[in-house]
Trainee: 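Mind having a look at this structure? Questions to follow.
Order of appearance sets the numbers: ligands from 1, and atoms from 1 within every ligand.
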Amino acid sequence: MIQHIRRAAVIGSGVMGSGIAAHLANAGIPVLLLDRVLGGEKNRNCLSERAVQELFWQKPAPLAVKGYAALITAGNLDDDAGKLAEADWIIEVVVEQLDVKKSVLALVDAHRKAGSIVSSNTSGISVQVMTEERSDDFKKHFLGTHFFNPPRYLKLLELIPTQYTDRSVTDFMKSFGENVLGKGVVLAKDTPNFIANRIGTYGLLKTMQVMDQMGLSFGEVDSITGALIGRPKSATFRTLDVVGIDTFIHVAKNVYDQTSGEEQLVFETPELLSKMKENGLLGAKAGQGFFKKTGKTVLELNAKTMEYGVRQRMKANSIERSKQQKGSDRWRTLVYANDDAGTFLWQIIAPLLLYSAELTRTIADDIVSIDRAMKWGFGWKEGPFEIWDQIGLAQSLEKMEVQGLKVPDWVKEVKDSFYVENRYYDPVTKVYKPVSEDKKVIYLPRGTDVIKENSGARLHDIGDGAALLQFTSPNNAIGLDIIQMINASIEEVERNYQALVIGNRGKNFCVGANLGLMLMAAQDDDLWEIEATVKQFQQAMMNIKYSAKPVVAAPFGMTLGGGAEVCLPAAHIQAAHETYMGLVEAGVGLIPGGGGNKELYIRCLNQMPEKDLQAAANKVFETIAMARVSTSAAEARERGFLYQSDGISMNGDYLLYEAKKAALYLAETGYRAPVQKKIPVTGETGYATMLMGAQSMHTAGFISDHDLEIARKLAWVIAGGGVPFGTEVEEEYLLELERAAFLQLAAMPKTQHRMQHMLLKGKPLRN
Ligand code: NAD
């Protein structure tokens, strides 16, 4: 039995094969990527080689950093099948045709080493049928591994064992999927389209039916089936455009072919979709589908005329009312309203809930798997049974019965809700069972474990001598309350705990400082107040750095401006794989004001084997002046934000657990606060060198006068002012330079315009 995946092989280098290969490379696993030999092509690896090249420009980026492509070796099935014997895991990702898949798997069976794991990425073909003529050892090690597109970003991985699959193989792949690939793993039964696509496709087709009956437009439907009901912004039809109309037809047909009766009717390809396919309206890849972009305007397709017109939005009282509400209240307002929005939502949600209940035992082990599959595979905030609890089981059943909808018997046996605290209802045993909690997920309830709290942050006791500081302000933006809580937390931890983690479980780690407050003070000419705040922020960052107990920062998602500055002085950074980190203050006419210039410089310098001051300064200057944001934690490391010794958590859900482990490890292995050292700077000559590039960009018209002004101040701070090259300066001195430059910029009208624009429009102004 394989205990490690040291090498993998992916067969099929199309959309999914190349994406899976890239994600394996992100996890540090060397991959052999094979495809067929194209007749008439001199280069026998042309398909797989082209696929690797395409990884560089695809958006969103499949590779965490471009350099990881070196882990992927392109080859072809004719010449390189022998190399399959080197792989611990071979994954088949060829076209969705049983005969093709079977012939590829026969080849794999002939070349693989005994004990290696083999899987198929099929979207819905029976996994069991694929193994029919294979050897016993193959059968024991074979299962379905269904990734979602794009494999790097979509959390769900459905595992589909067959009756022959060795239990230990499934267990191993679950743990490997969660820990190494960072996926949310759900076990699915070997039924058409497995869990997420079965239910998701049903929901989409039902939506089309109801929409047609009510005479609504695609725009109207999208305006209420996205964020309003906890689904991605791309809602229903923009999602379909991304998936591709042809792909969707294929997926739906797969269920149609394998079902019967009423269910089958829902999966019949709607005429409109066939018409769209014939007319080449395939969605995003064809530049037109349900929507089409002309210039900056998005037009929607008219299903009757097949022409594009102005995109509509649905308006209804219930929509407005629901926006003031949350959770259960919001759901109830939406689905029980008597206006168009309510009628429509009820008619699409009720069948979805009933269908999920009907299928529960057929497609999954429990309702939890179904909820997780929909959340992780389709980006829904809640799965069907969680939604059902929100809209109220009793009230919904009443309405369903009045409407003559068929409710599965087991649902009628559920008392009030499908979930009660951390238990879920099991229709087989008819009892509530504990939701199998992942021990590596740390939840941060507002419970008894709170040590301290103020309006912007909360300090939790997370056990084993560790405390965790989480920001709780809107967008976790840093204001004085957070600064105070950082200081208070360090004091508390120095007295009563072993280590401190700074992190949270929201959408983003922190998007920066509270710009609104800063702008108000700047506009009131209250520079004294800004100076005091900046000074306190700098001091709090110094407290993190020189804390007697280790402080570990756990960034993820957007970690911008002040958010990045909080991480830089930490004893250790444990970053999620998906961390988008950058010092982006230039976008609002400023430079970092919490010691970020100095800390990034120190990190870059420490990572240069030759301690090349100028190279370190240039790197920091470029990163901050261009407001560069990393597209992954690995890229943040390339930019100098992370040391090699800092950690990257592939699974974002495990981030706090792994950060806590790292913090306690430091504490238990004799952590000592760093000793304050002077810092060698580039001084006057460094300043001139850094500015040269900015000046030529200004002359060429690439950057504005104000950009150049910001660049000047930034270069001055990074250079350590007008001292001779190589002078060693105190940290406090660099912080003073930073503060002065920050204040001068904040006082400038153009900077204030930038801040205002960012607050109003959410994007930078280039003035
Ligand atoms: P694709 O068309 O992009 O790629 C298919 C690959 O199979 C191509 O590289 C092609 O050269 C190769 N191929 C074709 N015939 C072959 C043969 N005879 N021998 C060897 N290789 C051959 O398709 P895709 O979207 O990457 O889908 C691949 C698999 O993943 C399918 O089973 C599909 O159902 C499944 N899947 C797709 C998605 C998705 O969103 N695209 C999502 C989940 C699963």
Side-chain angles (χ1 to χ4, degrees), residues 9-23 32-41 43-55 58 60 62 72 74-81 84 90-108 111 119-127 129-130 144-160 183 186 188 192-198 200-201 204 234 239-255 257 282-285 373 376-379:
V10 174
I11 305 179
S13 61
V15 175
M16 290 304 284
S18 60
I20 293 169
H23 195 57
L32 177 66
L33 180 62
L34 302 182
D35 210 311
R36 67 210 151 103
V37 176
L38 269 196
E41 279 280 349
N43 177 359
R44 293 168 65 78
N45 295 341
C46 72
L47 282 175
S48 51
E49 279 178 11
R50 204 184 302 148
V52 175
Q53 286 308 312
E54 283 176 5
L55 293 176
Q58 276 167 24
I72 307 176
N76 70 75
L77 279 169
D78 292 1
D79 303 333
D80 302 310
L84 292 172
I90 301 162
I91 164 160
E92 169 281 303
V93 203
V94 303
V95 278
E96 187 78 342
Q97 287 172 23
L98 182 60
D99 54 341
V100 179
K101 289 197 184 284
K102 275 187 141 180
S103 72
V104 165
L105 294 177
L107 186 81
V108 171
H111 291 281
S119 71
S120 168
N121 188 56
T122 176
S123 320
I125 296 179
S126 164
V127 181
V129 170
M130 278 185 225
T145 49
H146 185 209
F147 285 86
F148 282 67
N149 190 21
R152 169 178 164 191
Y153 297 94
L154 273 188
K155 179 101 184 156
L156 181 60
L157 172 61
E158 288 178 330
L159 290 187
I160 310 106
K183 297 288 128 198
V186 164
N193 289 14
F194 315 122
I195 302 176
N197 275 347
R198 177 81 167 264
T201 312
L204 277 162
S234 53
T239 303
L240 264 187
D241 271 347
V242 173
V243 169
I245 310 305
D246 47 346
T247 307
F248 180 72
I249 290 177
H250 193 80
V251 172
K253 188 174 176 306
N254 191 44
V255 188
D257 289 343
L282 295 180
K285 60 184 157 193
W376 290 337
F378 278 70

Trainee: Who gets closest to atom 17 (C) of ligand 1 by heavy atom: N193, V100, V104?
Mentor: V100

Trainee: Is there any N or O on T122 that sits under 3.5 Å from an N or O of ligand 1?
Mentor: no

Trainee: So which of N121, V93, I125, V15 gets nearest to atom 3 (O) of ligand 1, if we judge by its closest heavy atom?
Mentor: V15

Trainee: Within less than 4.0 angstrom of ligand 1, does Q97 place any heavy atom?
Mentor: no

Trainee: Evaluate S13 for polar contact with ligand 1, using N/O atom pairs at a separation under 3.5 Å.
Mentor: yes

Trainee: Below the 3.5 angstrom mark, is there an N/O of G14, backbone or side chain, next to an N/O of ligand 1?
Mentor: yes

Trainee: Report yes if the side chains of V93 and F147 come closer than 4.5 Å at any heavy-atom pair, otherwise no.
Mentor: no

Trainee: Before giving the answer on side-chain contact (heavy atoms from CB on, under 4.5 Å), spell out for K285 and T247 the whole-Å C-alpha distance, their side-chain angles and the decisive distance to 0.1 Å.
Mentor: CA-CA 11 Å; K285 60 184 157 193; T247 307; 3.8 Å; yes

Trainee: Does K101 have a heavy atom less than 4.0 Å from any atom of ligand 1?
Mentor: yes

Trainee: Return the residue, atom name and 0.1 Å-rounded distance of the protein heavy atom closest to atom 12 (C) of ligand 1.
Mentor: D35 OD1, 3.5 Å

Trainee: Polar-atom distance check: V95 versus ligand 1, any N or O pair below 3.5 Å?
Mentor: yes

Trainee: Please answer whether the main-chain N or O of S13 pairs with a side-chain N or O of D35 as donor and acceptor at a distance below 3.5 Å.
Mentor: yes

Trainee: Quick one: does any side-chain atom of S48 pair with a main-chain N or O of G75 as donor and acceptor, under 3.5 Å?
Mentor: yes

Trainee: Does any non-hydrogen side-chain atom of M130 lie less than 4.5 Å from one of L105?
Mentor: yes

Trainee: Of the protein's non-hydrogen atoms, which lies at the shortest distance from atom 21 (N) of ligand 1, and what is that distance?
Mentor: V94 CG1, 3.3 Å

Trainee: Considering the heavy atoms of H146, write down every atom of ligand 1 situated less than 4.0 Å from one of them.
Mentor: 43 (C), 44 (C)

Trainee: So for ligand 1, is L77 a polar contact partner (N or O within less than 3.5 Å, distance only)?
Mentor: no

Trainee: Looking only at distance, does F147 have an N or O less than 3.5 Å from an N or O of ligand 1?
Mentor: no

